[in-house]
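Note sheet for the following structure.
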Amino acid sequence: ETNEGTWTFTGYDKAEKTVDGKDVEFIGKWKFTPKTYKVTHEFKVAKDSSIKEFPAEVKTEVAKQLPETQTGKKNGTVVEPGALKNPAEVEDKANDGKWKFTKFIDQDPATEKVDAKIDNADVNFVGEWTFVPNKHNVTYEYKSGTKGMDLPDALKKKAPEAVPDKVKGDKVTSPVPQGKDAEFRDEANKGTWKFKSYDKTDVTIVDKDEHVVGTWVFEKDPEPKTYN
């Protein structure tokens, strides 16, 4: 194995010698200083991340967490990536989510740790970040569209269940009741509630929860005919 490094002359064994009927030999001494290497780090977007590039502002914030460069590493040394500086998730307002550091890529699969062996070259560890989108809910509510009348509690409870875990860009269509589900008998008021419409036929998630209101109108039973 060849070790890279530098030989430096340190001096002779004697500063001077006296010739006394024989040859004189001076012995020069050299010291070998093995070359040392550094360990650097960089961050990239993980291949399975839904967002494939860091926005400029996110890239700046992520870079602040890069570990310190390690120096003075000798050939053959096993090295590990450094610790992140003030590790934290990074907010991404433009994409409505956050970036999360996941791991440094291992360079020596023969070991259990994430590490690498210096082999006459510097080592660069690549750390991966993944985008985690914020999740939002779409909720539904039924209200009365008939002035002076409140919707029965039983009908209010028939509003569609919330649609959870929606992310930026998702489109959710409001589920319109059909057939018999679009009518509700109200014996107390002697009439029938009929579904009219939603205030939003669909919603597209941007950066917040969405709330959709469905309106019902009351139709009173016709008065029974009387005969003289």
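This chain uses plain numbering: 1 for the first residue, then up along the sequence.
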For a quick test of reading the model, state the closest non-hydrogen atom pair linking [X] to [Y] and the distance between them.
X: Lys171; Y: Thr204; value: CG-OG1, 3.9 Å
X: Ala83; Y: Pro67; value: O-CB, 3.3 Å
X: Phe184; Y: Ala154; value: CZ-CB, 3.8 Å
X: Gly214; Y: Phe195; value: CA-CE1, 4.0 Å
X: Lys156; Y: Leu151; value: CE-O, 3.4 Å
X: Thr139; Y: Ala162; value: CG2-CB, 3.8 Å

For the [atom1] atom of [X] and the [atom2] atom of [Y], what is their distance to the nearest 0.5 Å?
X: Thr10; Y: Lys31; atom1: OG1; atom2: NZ; value: 8.5 Å
X: Lys113; Y: Phe104; atom1: NZ; atom2: CZ; value: 15.5 Å
X: Gln70; Y: His41; atom1: CD; atom2: NE2; value: 5.0 Å
X: Thr36; Y: Asp122; atom1: OG1; atom2: CG; value: 9.0 Å
X: Thr215; Y: Lys196; atom1: OG1; atom2: NZ; value: 6.5 Å
X: Tyr12; Y: Phe26; atom1: OH; atom2: CZ; value: 8.5 Å

Lys/Arg-Asp/Glu bridge criterion (N-O < 4.0 Å) met for Lys14, Glu16: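 No, this pair does not count.
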
Electrostatic pair Lys194:Glu219 at N-O distance under 4.0 angstrom: yes

List for me each residue that meets side-chain contact (heavy atoms from CB on, under 4.5 Å) alongside [X], sequence neighbours excluded, and say none if there are none.
X: Ser197; value: none
X: Thr40; value: Lys38, Thr69, Asn124
X: Thr173; value: Asp202

Keeping the roles fixed (side chain from [X], backbone from [Y]), state whether a donor-acceptor pair exists under 3.5 Å.
X: Asp106; Y: Asp108; result: yes
X: Lys22; Y: Val19; result: no
X: Thr77; Y: Lys74; result: yes
X: Thr146; Y: Phe218; result: yes
X: Asp13; Y: Ile27; result: yes
X: Ser174; Y: Tyr198; result: no
X: Asp186; Y: Gly191; result: no

Between Tyr142 and Trp216, ring centroids under 6.0 Å: yes

Sub-6.0 Å ring centroid separation between Tyr140 and His211: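 No, the ring centres sit 6.0 Å or more apart.
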
Check against side chain to side chain contact (heavy atoms under 4.5 Å, CB included), Leu84 and Phe43: CA-CA 11 Å; Leu84 271 61; Phe43 290 146; 4.1 Å; yes

Heavy-atom side-chain proximity of [X] to [Y] below 4.5 angstrom:
X: Val217; Y: Trp193; answer: no
X: Asn75; Y: Lys35; answer: no
X: Asn189; Y: Met149; answer: yes
X: Asn137; Y: Pro164; answer: yes
X: Val62; Y: Trp129; answer: yes
X: Val79; Y: Ile118; answer: yes
X: Thr130; Y: Phe101; answer: no
X: Arg185; Y: Asp221; answer: yes

Can you tell me if [X] has over 12 outside heavy atoms packed within less than 6.0 Å of its [atom1]?
X: Lys52; atom1: NZ; result: yes
X: Lys168; atom1: NZ; result: yes
X: Glu161; atom1: CD; result: no
X: Glu223; atom1: CD; result: no
X: Lys220; atom1: NZ; result: yes

Working for side chain to side chain contact (heavy atoms under 4.5 Å, CB included), residues Glu210 and Lys200: CA-CA 10 Å; Glu210 291 288 345; Lys200 305 167 189 172; 3.4 Å; yes

Working for side chain to side chain contact (heavy atoms under 4.5 Å, CB included), residues Lys29 and Phe9: CA-CA 6 Å; Lys29 297 181 179 180; Phe9 180 72; 5.8 Å; no

Pairs meeting criterion side-chain hydrogen bond (donor to acceptor under 3.5 Å, both in side chains) with involvement of residues 80-98, two or more places apart: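 Every side-chain hydrogen bond (donor to acceptor under 3.5 Å, both in side chains) pair that includes a residue of residues 80-98, provided the two are not neighbours, is Glu68-Lys85, Glu89-Lys98, Asp92-Asn95, Asp92-Trp99, Asp96-Asn134, Asp96-His136.
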
Qualifying side-chain hydrogen bond (donor to acceptor under 3.5 Å, both in side chains) pairs with a residue from residues 53-63, counting only residues at least two apart or across chains: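 Non-adjacent pairs meeting side-chain hydrogen bond (donor to acceptor under 3.5 Å, both in side chains): Glu61-Lys64.
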
Other ILVMFWY residues reachable from Ile105 by side-chain steps of under 4.5 Å: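 Same cluster as Ile105: Val126.
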
Cluster check Ile205, Val167: I/L/V/M/F/W/Y, side chain < 4.5 angstrom: no

Cluster check Val172, Val206: I/L/V/M/F/W/Y, side chain < 4.5 angstrom: no

Pair Val212-Asp199, side chain to side chain contact (heavy atoms under 4.5 Å, CB included): steps then yes or no: CA-CA 6 Å; Val212 181; Asp199 61 339; 3.5 Å; yes

